[in-house]
Visitor: 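Have a look at this one before I ask anything.
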Protein chains: 2
Amino acid sequence: MTDPRMIRAKSGTNHEGTSAHNRRVMIDALRVNGALSRADLARATRLTKQTVSNIIEELERDGLVVPQATVRKGRGQPSTPYALVPTGAFAIGLQIDRYVTRAVAVDLMGTQLARAEADLPAGGPANGIMVVLELIAGVRGELAKVAAESEKRLVGLGVAMPGPFDVEGADNDQWMMEAWQKFPLLETLAARTGLNVGLQNDAAACATAERMVGAAHGLDNVVCLYLGYGIGAGLILNSELYSGASGNAGEIGMALLSAGDPKRTALEHRASLASLYLHLGIDPAAQGVHDEIGRLAAEDNPRLREWVSEAAGNLRWAVHLVETIFDPQTVIVCGGAPEALARRLLAAMEPLLPSIADRPGRSLPRLTLGMTDPWSVALGAAAEPIGRAFDPRFCAIMK
Amino acid sequence: MTDPRMIRAKSGTNHEGTSAHNRRVMIDALRVNGALSRADLARATRLTKQTVSNIIEELERDGLVVPQATVRKGRGQPSTPYALVPTGAFAIGLQIDRYVTRAVAVDLMGTQLARAEADLPAGGPANGIMVVLELIAGVRGELAKVAAESEKRLVGLGVAMPGPFDVEGADNDQWMMEAWQKFPLLETLAARTGLNVGLQNDAAACATAERMVGAAHGLDNVVCLYLGYGIGAGLILNSELYSGASGNAGEIGMALLSAGDPKRTALEHRASLASLYLHLGIDPAAQGVHDEIGRLAAEDNPRLREWVSEAAGNLRWAVHLVETIFDPQTVIVCGGAPEALARRLLAAMEPLLPSIADRPGRSLPRLTLGMTDPWSVALGAAAEPIGRAFDPRFCAIMK
DNA sequence: CCCATTAAGTCAAATTACTTGACTTAAAAC
DNA sequence: GTTTTAAGTCAAGTAATTTGACTTAATGGG
């Protein structure tokens, strides 16, 4: 007898799947384009006016869209644009980093409505899980105060933490995170919060954030270079976050800088905040580190300038590499570096190396500065459940 | 008035879309798993028995599946497995390379039923297009002789040629191909053959071939390193070929070997058949070059050994890089190198560099030898229209 | 040897959700 | 003031899945 678990197949779909897909397509269209009339939506989605009307009616009943003032535009009956209601859905994002954890609550549009951070005690999840749970509960409570229906409309909890996940012989400075990764975090959080829980690495979270509210909004193929304690790439390919066979795609920081180098130097040893801290002799666990390096960057500190120069050289190569491999619409630099530092890095990276991205008729710059905000990872973590709930490509068609 | 062309949205779907998706899911399941009963299909696709029955009936009427002998397996009524009919669909693949062009005709299962090759005259498409058209016509005629209904069941013509496409300042040795790329090839072929025409680069074609009949069969996340005149990566991500924003994803051969190198040496200058020909002082346009280097590899020629050693070092790094960036299930080495040479390269690449691919519980090797056959690119080109027609992920849900 | 059990597969009706085509409404153009 | 154009609604039609009862055909226990 054929073991049914051995049969590999994709899922079929039915009318509900069709309907869910169409709803998501419409929500996505409204998110990307802003308010649209039913007629516009019908043209854009290639559905009939009637179908669009039905779905809009349902979305309005569900409190996800509202009609705007009618618009006269030439001949014909004026149209009534519909806009997404920001308070139509909420999500909570949680970042677990090496020394700190952050939680934010966002609405459907990605606006932050509440947030809080806490230091993570040493010793991994055994000591930290309570801190995390309290942080989430606090933000959730704040959200409930600001938005009446938030509990009913919470679509999930997104978690972001540094990768890689489930790898043998990970880097030494990862030992803190390793304990977290062995811990049944998702199960615990799901059980204790009652929410759907999803996980991404920090670079992926940043890309998710950029896609929802940042430089990648409305783009389909983007690579986000996330400069944090390490360096990772968040990959948006065909409008979808790509996470690889085991969730570790984009760990570009572990890429060796050259084929021949016997010392096997990885990119993040030369271009990451960790390498900057090392270069400057700063303790990354100390309070106010972020502001400190922001100040150094603003005043163009010579030691920092040295690092920028070398890091920029390596990042220039990293950009060349991802352009060559992914052929994205643009590359976005984002992450936990202070904006002054990020701007210096971007400036130092020019001119970029030649690559296939030098093509005629580009409309976007090859390199874009994205969010430089310590909260962007938590924001992206929060964006993940919203994307999951409302993104038409998220396997929406399957049952 | 809002310009409808300015509105960006994904396409909605309807019952036909649903149905098409379910048909494709079933065909895909049969392709990956072999013959399955309706009950098995219902379980695997999460559709009802009745729906599966309806679709199977339709597929049988269309000549795409046939019932096999019934199978008794324990209690209950014996099941009737259904198998794909190889002659249910046909496609033609065309490879346009620098000095030669090849065409193959394949069936639904990827079996080659006819093939032919021809030298390409210098001067690009002006002189070459007639050669190509005659080649296609020849193969098409052969196919018609072997398979009665082939004309009715031809799903398309796939074209593969070296990339990158539409890039400024492409490599010098690409000038021959540049003329081809400027030529309205797809339009001409579509007009002259009356078939649906699709285009891939050669690495992508090889990956498509590996997925249909090779080492990537049934896998969802695979990188194929295609060693040809240059070197490229064919990317299968989430079961789908990824081709980037402008069709040039995977042009890894143009990746610079190190961040610092002022000479800006690209990978394919060190690890590609072009570099081997250069190293050996062989004219790549000469007849019998392929057999020649195969012979040299078989007899372990010292000059060739030198090249293998250096190329393997660089390929080892390339594997490390794609593992780090894509986190694939496996990396497949394939392409136009003779098998003896490919085996030497693979052997020389061990041990691989450490990477996130070193994870516990892997079932597949990190590195696999794929097809080493000059025809594999043409085969992959032919597989593309079949995939397009029968792959459930190929935007099947959209209208 | 018979009958209960199990599983494959069919039948016919119900349901869901999209489409169709005619119609209404409201504004601009002539 | 009439015509034209476009947005949007109404009601019936249609395609495709689901549902639940039924049929068929095998195994296995008593």
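Naming convention: chains lettered A, B, ... in sequence-line order (proteins, then strands); numbering from 1 in each chain. Here the structure is a predicted model, which is why all the values come from computation and not from measurement.
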Visitor: Under the rule for side chain to side chain donor-acceptor pair (under 3.5 Å), what residues qualify as partners of A:E151, not counting sequence neighbours?
Guide: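 If we apply the side chain to side chain donor-acceptor pair (under 3.5 Å) test to A:E151, skipping adjacent residues, the hits are A:R140.
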Visitor: Take the protein atom CD of B:E16 and the nucleotide atom P of D:dG13, then report the distance between them rounded to whole Å.
Guide: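 So the CD-P distance, B:E16 to D:dG13, works out to 19 Å.
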Visitor: Go through the structure and list residues passing side-chain contact (heavy atoms from CB on, under 4.5 Å) with B:A91, not counting sequence neighbours.
Guide: B:V106, B:V155, B:P385, B:I386
Visitor: Indicate whether OP1 or OP2 belonging to C:dC18 is found under 4.0 Å from a side-chain N or O atom of A:N22.
Guide: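 Yes, such a contact exists.
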Visitor: Return the value, rounded to whole Å, for the distance between atom CG of A:N14 and atom P of D:dA15.
Guide: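 Atom-to-atom, A:N14 to D:dA15, this comes out as 19 Å.
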Visitor: Side-chain polar contacts of residues 75-88 of chain A - donor-acceptor pairs under 3.5 angstrom, sequence neighbours left out - could you list them?
Guide:
unit_1, atom_1, unit_2, atom_2, d
A:S79, OG, A:K73, NZ, 3.4
A:Y82, OH, A:R38, NH2, 2.5

Visitor: Under 4.0 Å from OP1 or OP2 of C:dG9: is there any side-chain N or O of B:T80 that close?
Guide: yes
Visitor: Quick one: A:H15 NE2 to C:dT19 P, roughly how many Å, whole number?
Guide: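 Rounded to whole Å, this separation is 12 Å.
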Visitor: If only side-chain N and O atoms of B:R43 are considered, is one of them under 4.0 Å from the OP1 or OP2 phosphate oxygen of C:dA8?
Guide: yes
Visitor: If a pair satisfies side-chain hydrogen bond (donor to acceptor under 3.5 Å, both in side chains) and one of its residues is in residues 59-68 of chain B, list it, with sequence neighbours excluded.
Guide: B:R23-B:D62
Visitor: Examine D:dA15: is either OP1 or OP2 under 4.0 Å from a nitrogen or oxygen in the side chain of B:T18? Give yes or no.
Guide: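 Looking at the OP1 and OP2 atoms of D:dA15, neither is under 4.0 Å from any side-chain N or O of B:T18.
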Visitor: Is it the case that the side chains of A:Q50 and A:N54 hold a donor-acceptor pair, with the cut-off being a distance below 3.5 Å and no angle test?
Guide: yes
Visitor: Measure from NE2 on A:H21 to C1' on D:dA16 and round the result to the nearest Å.
Guide: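 From A:H21 NE2 to D:dA16 C1': 17 Å.
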Visitor: Would you call B:D28-A:R8 a salt bridge at under 4.0 Å N-O?
Guide: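 Looking at B:D28 and A:R8, the cut-off is not met.
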Visitor: Tell me the interatomic distance from A:L41, atom CG, to D:dA6, atom C1', rounded to whole angstroms.
Guide: 16 Å
Visitor: Rounded to the nearest angstrom, tell me the gap between atom CZ in B:R38 and atom P in D:dT23.
Guide: 19 Å
Visitor: Which residues, if any, of residues 50-63 of chain B bring a heavy atom under 4.0 Å of DNA chain C?
Guide: B:Q50, B:S53
Visitor: Would you please name every residue forming a salt bridge (charged side-chain N to carboxylate O under 4.0 Å, His left out) with B:D107, sequence neighbours left out?
Guide: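 Testing B:D107 for salt bridge (charged side-chain N to carboxylate O under 4.0 Å, His left out), a comparison that skips the adjacent residues, returns none.
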Visitor: Among all residues two or more places apart in sequence or in another chain, which pass the side-chain contact (heavy atoms from CB on, under 4.5 Å) test with A:S246?
Guide: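 Here the qualifying residues are A:N248, B:D327, B:R359.
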Visitor: Specify the separation, in whole Å, of atom NZ of B:K49 and atom P of D:dT23.
Guide: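 So the NZ-P distance, B:K49 to D:dT23, works out to 14 Å.
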Visitor: Who passes ring-ring contact (aromatic ring centres under 6.0 Å, His included) against B:F326, sequence neighbours left out?
Guide: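 Only A:F326 meet the ring-ring contact (aromatic ring centres under 6.0 Å, His included) criterion with B:F326.
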Visitor: Using the 3.5 Å cut-off, write out each protein N or O paired with an N or O of nucleotides 26-30 of chain C and the distance between them.
Guide:
unit_1, atom_1, unit_2, atom_2, d
C:dA26, N3, A:Q77, N, 3.2
C:dA27, N3, A:G76, N, 3.4
C:dA29, O4', A:R75, NE, 3.3
C:dA29, O4', A:R75, NH2, 2.7

